[in-house]
Structure formats: C-alpha cells, structure tokens
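Reading through the structure tokens given below for one structure.
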Amino acid sequence: MMRDSRYDVLFEPVKIGPVTAPNRFYQVPHASGMTNALPRVRAAFREAKAEGGWGVICTGACSTDPSSDDAPLPMATMWDDNDIRAHALMTDAVHRHGSLAGVELWHGGAAVMNRASRLPPLSPSGIPWMSTHTGFMGNLRPKIMDKSDIRDVLKWQAQAARKARSAGFDIVYVYAGMGYLGYEFLLPEYNHRTDEYGGSIANRVRFVRELIEVTKDAVGQHCGVALRVSLEELRGRPGRNQPSEAHELIELLADCPDLFDVKMDSSPTDCSASRFSGEGSHEPVIDFVKTITKKPVVGVGRFTSPDTMVSQIRRGILDFIGGARPSIADPFLPAKVREGRMEEIRECIGCNICISSWHDGVPVRCTQNPTAGEEWRRGWHPERVPAAAVKEKVLIVGGGPAGLECALTLGRAGHDVTLADAGKTFGGRLTFEKTLPGLSAWNRVAEYRLGRLNEITNVSMYLESNLGVDEIIDLAPDRVVVATGARWTKMLYSTLEIPVGTLEHPSVFTPDDIAAGRMPQGPTLVFDFDNYYMGGVLTEHLASLGIGVSYVTPAGQASAWTIMTNELPLVHKALARRNVPVTTLHMVTAFDGEVATLTHLFNGEETAIACNSILIVGMRAPRGELYEALMSRLDELTAAGIRSVERIGDTLAPGAIAHAVHSGHKLARELGTADTGKPYRRDAPFVDAEPDVAPRVAAE
Ligand code: ADP
Ligand code: SF4
C-alpha cells in the first residue's frame, strides 16, 4: 500500500549535531525495567522498535556513578567496562536497522535514595525531594554539594559519555528534569546556593550548561549531545526578560546542546493516563521552545495519530515525534505509517500498566502489546507469529480481551479458528468499561483486534452464541479454549485479611450489576478493596448520574494501586470535584439497608453511615462454570475428537486487561507446540572475564 504524501514529512532525515536521524520518529528515553542485569532482554526490546522504523532509540535513565542509585527501582548504569558490553548489545541491535542509539545519562541527586550504594545522595542545598509514595521514600537526607562534588559529577558525566561512545551510542544525554540533580539546580526552592551556581536563572542554569559542555568535550565530535529538561514549573514563573523562566532557560542554552528533549515535571503530568488527559497534552507547556532555539526539539504526548504528528511538525511545535508509550504499544508504528497501513497501528490506550512495571521493578508489560519484554526471553516478535506446524480447528468461547487476542494470534498462525461470544458485541468487559468516565480509549484493545480479525479469513466469529457442553461437542473442534471471564463477588475480608463470607442484602451491588443496568437506589456507599481503577471510576460514574455516593476503602488512599499507574492524584481530584466523601482505613462490616457499619482497620472503632445501597468493588472470581462442566464430561469430549480444553484470561486467573491479553497470546503461541509449559529463557549480566574472587572451597 502507498502512504499518503501528507505523511512524507515524518520520514525526512534530521541532523542532531554530528549524527543524522533517518526520520522523525524518536523513541525518547523511557524506563523499561530492564537493568544491565538483563542485557539481552533489553537489546531485543529496543531492537523491535528499530526494526519497526523508529529512527532514534534511547535507553532509560542510565546512572553515571553509584551516588545516583535508584535501586530497587530498575535503572541502567554506565559505571564500568561490563556496562559498556551490556549496552553494546543494544546499540548493535539498533544499528542493524539503521537507527540511532541514544543514552540518557542521569544523576538522580536528592531524588534517589542510594539504598544499595549507601552513598549520600547529592543536592545543591541539602533539600530532600518530597515523596508521597512509600516506594520512593527514604530516611537518608541529601548532602549539600561543595565545589569538589560539582567537579565530581561533571567528571562522572564526561567519563560515562566516553564509555557511552565506546558502547556505540550516537546520542548522549544530559538530564535536567523530573526532580533529578540538574533540575534541582534550576529551581530556587531546591537551590539556595549563594555561589555562582545559585541565585539568578543564569547562575542556576550554570551546572546544566557545564554538564552539556563536558559532554561535548568528551564526545561532541562524534555524538549528538541532547538536553532533556522539564519545563512545567519554570513555565509558570515569570521571567525578567522573557515571559517565563522556562523561556529564559532555553534562551540561555539555545546554542549549547544539539537537541532539546522537552517534557513535564512529574510522572503524573509527564506521563498522564488517558483517563485524565488526551493526546498532545504537553503542548501548552513546551510549544514555545522552537521559537527560541534553532536546534531540533523532541517532545511527547502519547502521539498515535499520524495527522497529529504532522500537525506538530507543520505548526513548528516539534521536529521529532517523541514516543515512549506509543512505541511500546506498537514498535512498528512508523513502518505502518510509512507503508500506508494506518489502520493496523496498535494504538496505546494510555492505561499506564507499562509504568506500573517500573514501579514494580520488573520488565515492562503492556496492555496492547503482549510481546513487550518477551522478544528475547520467549522469542515473541511483535508482528510475526510462526506458522503452525499442524493446523487445527480451535474453538474459543468468549470474545473479551483474552479471547480476541487468542483468536487473532491463532489466526495469524494459520489455525482454523471459531470465536463465539454470548453477548451482542465482542469486547467482553470492555463493552461496559469503555462507557465509564475517561475509559473510552481503552476500547482500542477490542477495536484493534476486531479490525485485524476482519482482515483474515480463517477466523469465524459468532455473537449471541451462548455455548454449553452439548453445543461444543456438536461442533467437535480439535481444541477448546475457554475465555469466559470473571465476575465480581460480594466477599468481605476481616482485618486479619481473612475472607469472612459474602455480604448478603438485596441492596448490595457489584460492578456486574451496574454493567447489567441494575442501579443502586438512594445514597450509595462504594466499598473498594480492589484498589485499582474500578472503584474510583464507578464512584465517578454514579456521581455523574446524580446518585449521592461516598467512597470507603481499607487502603490508605482511594484507588490506592493507581499510584503505580500515575493516576492516583487525579483520582482524588476527580472524586473531590464531585464532592465525594472519601473514608480510608475502614472496612464495611455490616449493612441493614439503612445503615452501613464501618470498622477502623487498626483500632476496631465502629462508625455508622446512613446509606441505602452498597456497591462492593472487591474480589473477582472466575466465571468457570463452562470449564468445569467440560471437565466433568471429558470422556464425551475425547470421543468427539476434542484433544484439549484450556482456559485463558480472567477465567484462568482474574486480573487487569493486560494479564488477559498476555494470557490469550501466550496460549496461542504455545498451543500444540513443544513450548507449552516451558520456562522462559533467563538472561544474565555481563561479568568480568577474569573473576577476581576465587570460588569458595568446601572446607571454608
Ligand atoms: P477476559 O478479560 O478474560 O477476556 P471478559 O470478561 O472480558 O474476559 O470476557 C469474557 C467474555 O466471555 C464475555 O464477552 C462473555 O459474554 C463471554 N462468555 C461467557 N460465558 C460464555 C459462554 N458460555 N458462551 C459464550 N460466551 C461466553
Ligand atoms: Fe500504552 Fe497501556 Fe501499553 Fe503503556 S501499557 S504502552 S499505556 S497501552
């Protein structure tokens, strides 16, 4: 297929100092959860994007010295020769496809806790970074940097830059954003210095300028030097000669780096979820940069629409279309635009499960792209599925995220697939969830798969087909895959975290009731111990329908797990906007239709709350009746030629949509192959060729 010429601009080469990017698709630095301990996993993850046409592929934050240590959060390092070898795998992989490799050298300053290195965190003036997330809290306050500390950080940056060049990187970063050291020098609240590094904006910028200068001296002849800088806070501060301090900063550094990578200041604003903000949300903060500097500018905004991308270039906002999440969800996004296959783009849904992976300290997971992080360890390519050695007739019962993904992947492998669902539309849980406040983009999970399923002929799809064992025996497929989902229960737990049975009353509801249109009457209490989005979003939904609603959770915050997806502050804002009272650290322990009894999680004190209905958003259980019925009639299935019955998605183990998609994909990749049940390949770090520690002998 030919691409539309209006997208040609996206495929122009652009110079970044001494190097040239082959096009404008730029995978900005983003956390992958793959440290130097997983060099092959990381190289293959990044390579998929280069193969898919991203012109520049960057690492995530890469520490220049052990005094910048985020452990146990995953981070890359550029400290020694083993680090060079680990990164070289990635740069070789990226170069194989003609793309440039960038490294985000980084010193975390007071925003890291140095838990593993046990060195004092460094900061301009000893002011600790504030944290509301226990995972980022620490007890060691930062050291005030003296002149020799400043010289050391500059030296580490230069050394790491030289190592980066040895590792094959084409672009080397200076990082001055998101609370890290360079950024702390920029803000007077963190920088109280009275020397030449503090005071006026020109002085506060000095440290960042010196970082750029030492990087240029070290590698500037061969590598592009990029500055990554957060502009949100500075944009809000009036400047002396310019509209804001952000303008002044760019003016002061206009000619210094070879590229500006501009972004927001905190993870929830920089990488906001689609539930609360749309594509291109950074523009009002970063739109001015190109009016001040002639150097190329890259920025992000969860860009998935080629038209929006072209508009950013044409309107002079950006030179490069930065992508982190869009590149995870679809490593082949640029190739699809290049080849005019726009409808095949697997658009990021903005759920931020990928970010939760970093907070969890594990390799990246993605709701839309089940192959993310699995390229090396399971050998999954994001676009290609190996043809099945033996083509089989597979019946999938249930067309939610798990069933749809399984059907598509089995179809791509060449199997003869039948997908049946009891509902009027495919999509399973998404059919309802897409209608909830802020969740419409999540339906891309279903839309993308349905679109691709329509393009292939070996998958037959049937709606309003509520299948039982008899129908399945009549159909007599070779294999059955049960993807019938899960249901919400009315189970409650004790303060010792032990299930205490279900709360039975005609006015107790679950999310399934709301999905089915059975609405609570009168003042309603939402009791949420699921802790992800559903409790918060249903509270918003009920409030938007004019139902008086209050929210109770045993957790410390509303939708507590959404701290992992950057949504938590915005969930609280949304509930406050709708005047929803939020009660934390309480369990619902009784309800009589008029009054709910709440018990404090820690001191056992009871409180009565008047309400007529309770919506429990708690435990989910598999909708497993069909599977159990099939298992009870195995002999008949065998007689009908059915060789296996498998479960996927929520009916196997209820989870987030990302889990269901991965589960459907995994089964499809493995069905009928020797890979079934095999563990994944395990990666290992590079270590010194000559061990400097003799192995202990038994006598020791
Ligand atoms: P998952 O997230 O695991 O994909 P969902 O709950 O989203 O699960 O989807 C399950 C789908 O299975 C729903 O669309 C539901 O209509 C369908 N389903 C459940 N039981 C049957 C059945 N016996 N026959 C056909 N479809 C079923
Ligand atoms: Fe986008 Fe969600 Fe995938 Fe992250 S996990 S890249 S937000 S679809």
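For ligands, and for the atoms within them, numbers begin at 1 and follow the listed sequence.
- Put simply, the side chain of Ile171 reaches to within 4.5 Å of the side chain of Tyr26, judged on heavy atoms.
- Given atom 20 (N) of ligand 1, the protein heavy atom at minimum distance is Thr484 CG2, 3.2 Å.
- Side chain to side chain, Glu374 and His662 meet the donor-acceptor criterion of an N or O pair below 3.5 Å.
- Judged as a side chain to side chain contact (heavy atoms under 4.5 Å, CB included), and not counting sequence neighbours, the contacts of Cys354 are Arg325, Ile328, Val364.
- For Gly427, no nitrogen or oxygen atom sits less than 3.5 Å from a nitrogen or oxygen atom of ligand 1, counting backbone and side chain alike.
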Step-by-step side chain to side chain donor-acceptor pair (under 3.5 Å) determination, Glu405 to His665: CA-CA 6 Å; Glu405 175 65 20; His665 190 88; 2.6 Å; yes
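- In this structure the side chain of Leu637 reaches within 4.5 angstrom of the side chain of Val645, judged on heavy atoms.
- The distance from ligand 1 to the heavy atoms of Ser465 drops below 4.0 Å at these ligand atoms: 24 (N), 25 (C).
- Protein heavy atom nearest atom 3 (O) of ligand 1, with residue, atom name and distance: Asp650 N, 2.8 Å.
- Listed for the Asp265 side chain is a donor-acceptor partner under 3.5 Å among the backbone atoms of Glu232.
- Distances between N or O atoms of Ala660 and those of ligand 1 include no value under 3.5 Å.
- Side-chain contact between Thr673 and Glu670: present, with at least one pair of heavy atoms (C-beta onward) separated by less than 4.5 Å.
- Scanning the protein for heavy atoms near atom 26 (N) of ligand 1, the closest one is Ala422 N, 3.0 Å.
- Between Phe303 and Leu318 the shortest side-chain heavy-atom distance falls below 4.5 Å.
- Considering only non-hydrogen protein atoms, atom 12 (O) of ligand 1 sits nearest to Gly398 CA, 3.2 Å.
- Checked by distance only, ligand 1 and Leu626 stay at 3.5 Å or farther apart across all their nitrogen or oxygen atoms.
- Annotation for ligand 1: atoms under 4.0 Å from non-hydrogen atoms of Gly649 are 3 (O).
- In this structure, atom 8 (O) of ligand 1 lies nearest to the protein heavy atom Gly485 CA, 3.3 Å.
- The protein non-hydrogen atom at the shortest distance from atom 13 (C) of ligand 1 is Asp421 OD2, 3.4 Å.
- Judged by distance alone, with hydrogens and angles left aside, the side-chain atoms of Glu433 form no donor-acceptor pair with the main-chain N or O of Leu439 at under 3.5 Å.
- Annotation for ligand 1: atoms under 4.0 Å from non-hydrogen atoms of Gly428 are 7 (O), 9 (O), 13 (C), 14 (O).
- Across all non-hydrogen atoms, the minimal contact from Gln368 to Val445 is OE1-CA, 3.5 Å.
- Given atom 10 (C) of ligand 1, the protein heavy atom at minimum distance is Ala483 O, 3.3 Å.
- Residues forming a side chain to side chain contact (heavy atoms under 4.5 Å, CB included) with Thr565 (at least two apart in sequence, or on another chain): Asn352, Ser356, Tyr532, Trp561, Thr562, Glu567.
- Only protein N, O or S atoms were considered, and those under 2.8 Å from atom 2 (Fe) of ligand 2 are Cys351 SG.
- Nearest protein neighbour of atom 23 (N) of ligand 1, counting heavy atoms only, is Leu467 O, 3.0 Å.
- Of the polar atoms of Arg429, at least one N or O is found under 3.5 Å from an N or O of ligand 1, judged by distance alone.
- Not counting sequence neighbours, the partners of Ser357 by the side-chain hydrogen bond (donor to acceptor under 3.5 Å, both in side chains) test are Arg365.
- Contact annotation: for Asn466 versus ligand 1, heavy atoms closer than 4.0 Å belong to both the backbone and the side chain.
- Taking the six-membered ring for Trp and thresholds of 30 and 60 degrees, Phe45 and His30 have ring planes more than 60 degrees apart, a perpendicular arrangement.
- Results of the salt bridge (Lys or Arg N to Asp or Glu O under 4.0 Å) test with Glu347 over Lys336, Arg444, Arg449, Arg302 single out Arg444 as the only residue that passes.
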